[in-house]
Amino acid sequence: MGRIHISDIEAAQTRIKGHVVRTPLLSARPLSRALSCEVRLKPEFLQETGSFKLRGASNAMLSLDAATRARGVVTASSGNHGPALACAATRLGVASTICLSEMVPENKIANVRANGGTPRVEGRDYDVSLRICMGLVRDEGLHLVHPFDDPDVAAGAGTVGLELAEDARDLDCVLVPLSGGGLLAGIATALKARSPQTRVIGVSMERGASMVASWKAGRPVEVQEEDTIADALGGGIGLDNQWTFETVRDLVDDCVTVTEDQIKDAIRLIFATQGFMVEGAGAVGVAALMCGKVTPDGPAACVLSGRNIAHQAFWDVIQEKGLPA
Ligand SMILES: *Cc1c(COP(=O)(O)O)cnc(C)c1O
């Protein structure tokens, strides 16, 4: 197992400058009032493909030499890394194949095509689509850009943490949506170097939280993937995890989970107070504050990691209960 270092994240920041949006840290007064604590928002849904994943994908693509680029790249995705890799590859004139399971919503498959990638939809869950992807690496010589277990991808995601440290000196905690842990490992590495007093907290959905189960077990474990409104957080961390588990185990202060209803409440509250449409995975941090799983002792930052929810699914969530007053 290995660790990324702050120097990798600094190098990523220089490399991806101009290729991704340098997002602000927003003070969110209406949301803060509703939650009775000071909340700031990192709007990663503003990235071109609608999620922070463009940071890691851009860092990985820009790090490849010409011979590797010529082979083409491949990945497996629960829905946001695929379009991000397709976008970063297409910009460099590189072909990309994106393996997606039958659980991935249609809007995310369309998002791969819209970004110039070739989707390959096969397999019942993320872990099967990753096996199909590894077959293409072996048989067709495509270069793998793993969605999280890759030092360049995690370092690219870690630039979110560098920006948080640049923009705020007084954060008590940062709430980070957690699946494979590239985003959390990257942010934790950046913040423990630049803002060690800030607590770094991972948040997953209760249904199929593989890193949280692994974190509790003290080693990577397998978890059954389930349908969830936070579909971008589905999939396992890999029993052979190399780059994220150890960092999460050693640097992260806490990991918590939230229920489907709590995530939907957070989607509604973020829209009602701030007017932002975020997907389930992007709302879990706010959900953890809302239900009291995390109680800050000072300003809290939530990473709103993505907005790629099908419009119909979004309206269904809004209409289920209506907007909070
Ligand atoms: C991928 C993703 C995450 C989780 O990132 P990991 O690096 O896999 O932990 C969170 N939110 C959204 C919107 C994502 O697409």
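One-based numbering along the sequence shown. Just follow the structure's listing: the first ligand is 1, and inside any ligand the first atom is 1.
- Within ligand 1, counting atoms from 1 as listed, the ones closer than 4.0 Å to a heavy atom of Ala281 are 11 (N), 12 (C), 13 (C).
- Below 3.5 Å of separation, one finds no N or O of Glu279 facing any N or O of ligand 1.
- For atom 11 (N) of ligand 1, the nearest non-hydrogen atom from the set Ala230, Gly306, Gly82, Ser305 comes from Ser305.
- Comment: Arg3 does not engage Asp8 in a salt bridge, judged by the lack of any side-chain N to carboxylate O separation of less than 4.0 angstrom.
- Considering both main-chain and side-chain atoms, Leu183 comes within under 3.5 Å of ligand 1 through a nitrogen or oxygen pair.
- In this structure, Lys192 contributes its side chain and Thr198 its backbone to a donor-acceptor pair below 3.5 Å.
- Looking at Asp167 and Arg22, a side-chain N of the basic residue comes within less than 4.0 Å of a carboxylate O on the acidic one, giving a salt bridge.
- Here the heavy atom of the protein found nearest to atom 5 (O) of ligand 1 is Phe52 CZ, 3.5 Å.
- Counting heavy atoms under 4.0 Å from ligand 1, residue Lys53 touches it through the side chain alone.
- With a 4.0 Å cut-off on non-hydrogen atoms, Thr244 does not touch ligand 1 at all.
- Between Asp127 and Gly236, the shortest heavy-atom distance links the atoms OD1-N, 3.3 Å.
- Atoms of ligand 1 lying under 4.0 Å from any heavy atom of Asn80, numbered from 1 in the order shown and given with element: 13 (C), 14 (C), 15 (O).
- A salt bridge is absent between Lys321 and Asp261: the closest approach of a Lys/Arg side-chain nitrogen to an acidic carboxylate oxygen does not fall below 4.0 angstrom.
- Taking every heavy atom of Gly182 and a limit of under 4.0 angstrom, the matching atoms of ligand 1 come to 6 (P), 7 (O), 9 (O).
- Annotation: atom 10 (C) of ligand 1 to nearest protein heavy atom, Leu233 CD2, 3.4 Å.
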Would Arg207 and Thr228 count as a side chain to side chain donor-acceptor pair (under 3.5 Å) here? Give the steps.
CA-CA 7 Å; Arg207 299 170 66 100; Thr228 163; 5.4 Å; no
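- Note on Leu304 and Phe271: same hydrophobic cluster, where clusters join Ile, Leu, Val, Met, Phe, Trp and Tyr whose side-chain heavy atoms are under 4.5 Å apart, directly or indirectly.
- Every N/O-N/O distance between Ala232 and ligand 1 stays at or above 3.5 Å.
- Remark: the backbone N or O of Gly82 is not paired with any side-chain donor or acceptor of Lys53 at under 3.5 angstrom.
- When each of Val252, Val160, Leu162 is checked for a side-chain contact (heavy atoms from CB on, under 4.5 Å) with Ile187, only Val160 meets the rule.
- The closest protein non-hydrogen atom to atom 6 (P) of ligand 1 is Gly181 N, 3.5 Å.
- In terms of polar-atom proximity, defined here as any N/O pair under 3.5 Å, Gly180 does make such a contact with ligand 1.
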